[in-house]
Amino acid sequence: MKSLEPVSVTRLYRMIADQIAARIRSGEFVAGSRLPSERDLAEHLQVSRTSVREALIALELEGFVEVRVGSGVFVTTTANEVKKPRSYAPIDDVVKTDLLGDIGPFELIAVHLMVEPECAAMAAQYATPEQLAAIITTANGIRHGDEQREANRAFHIAVAAASGNAALAITVANLWELHDNSAIFYKLEQHLVMKTEVWHLAATEHDVLIEAILRRDAEAARAAMREHFMGSQKRLGEDFYPHLV
């Protein structure tokens with residue numbers, strides 16, 4: 001039997017991005033013009049606004065558009081400058097790149113919401129004094145350090161490590177590796193998350209979670225972690241066109 005070829009799944013946002021790129025190439029969207037709003041694109045394409053948002057960030061990474069938060073998304077290339085989509089994930093293996101390189105931020109948050117609230121609940125039940133100290137130390141790094149993104153990652157991994165389940169801890173660490181390998185996630189964070197006031201909100205949400213874990217209140221810890229990721233999802237969903245909301 002002939003060897004089988006790996007199957008690559010094209011995600012919805014990639015198909016949306018390709019449609020918009022084709023219209024830029026054709027000259028329908030000219031350089032310097034502003035694209036229709038996320039809401040209008042979503043309604044026209046019959047897709048979610050989160051998928052449109054991911055598509056716009058992918059197009060920005062490829063040089064087709066520029067996102068100006070508060071103003072909109074503007075075409076930066078000319079009709080005859082044809083560019084090919086490319087993978088941005090720093091993963092060497094070709095098959096892994098095909099499968100993982102284009103994971104979007106909202107896909108990842110959905111998985112975080114499935115896994116990390118349970119880690120928090122288990123940490124409230126099983127965390128050792130040393131693990132509690134590690135959670136508190138990493139949380140302080142978000143409020144007082146210069147590398148908030150790294151401190152945030154360390155905090156979530158510390159909570160997972162305190163769950164008492166090594167498989168869960170490894171799963172969460174791998175989730176954050178996917179998070180860090182997602183160029184779309186990183187670019188979206190640059191626009192909407194990497195701000196002092198946003199990190200303050202995240203730190204406050206972490207405080208609520210830590211208090212629940214220290215009280216050994218599993219239900220409160222689960223709820224606090226869920227609320228934290230729901231807050232992150234909302235912040236990443238802020239509109240590029242606030243006057244049109």
key: Carboxylate-amine/guanidinium proximity below 4.0 Å for Arg222 and Glu219   =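 Answer for the salt bridge query: yes.
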Check ion pair Arg25-Glu62 (N to O, under 4.0 angstrom) =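 Salt bridge: no.
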Do [X] and [Y] sit in the same hydrophobic cluster, where Ile, Leu, Val, Met, Phe, Trp and Tyr count as joined when their side-chain heavy atoms come under 4.5 Å apart?
X      : Y      : result
Ile170 : Tyr126 : no
Met114 : Leu168 : yes
Met15  : Leu56  : yes

Matching residue for Glu205 among Arg143, Arg235, Arg226 - test: salt bridge (charged side-chain N to carboxylate O under 4.0 Å, His left out) =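 Considering Arg143, Arg235, Arg226, a salt bridge (charged side-chain N to carboxylate O under 4.0 Å, His left out) with Glu205 is found only for Arg235.
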Closer than 3.5 angstrom, by distance alone: can the side chain of [X] be matched with the main-chain N or O of [Y] as a donor-acceptor pair?
X      : Y      : value
Gln131 : Ala161 : yes
Thr76  : Phe64  : yes
Ser182 : Leu178 : no

query = Which atoms form the tightest heavy-atom contact between Gly27 and Val30, and what is the distance?
reply =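 Smallest heavy-atom distance, with atoms named: O-CG1, 3.2 Å.
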inquiry  = Which heavy atom of Pro36 sits nearest to which heavy atom of Leu41, and what is that distance?
reply    =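 Nearest pair, atom of Pro36 first, then Leu41: O-CD1, 3.6 Å.
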task = Measure up the His156 and His206 rings against each other and bin them: parallel (under 30°), tilted (30 to 60°), perpendicular (over 60°).
result =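 Perpendicular, since the angle between the ring planes exceeds 60°.
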inquiry  = Assess, by modelled atom type and distance only, whether the side chains of Glu116 and His228 contain a donor and an acceptor separated by less than 3.5 Å.
reply    =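 Distance-only check fails for Glu116 and His228.
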ask   = Judged by modelled atom types alone, do His179 and Glu189 share a side-chain donor-acceptor pair under 3.5 Å?
value =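 Side chains of His179 and Glu189: pair found under 3.5 Å.
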task = Using a 4.5 Å cut-off on heavy atoms from C-beta on, say whether the side chain of Leu188 contacts that of Glu54.
result =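 SC-SC contact between Glu54 and Leu188 ruled out.
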request  = For the residue pair Asn152 and Trp199, establish whether any side-chain heavy-atom pair is separated by less than 4.5 Å.
outcome  =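 Yes, at least one pair of side-chain atoms sits under 4.5 Å.
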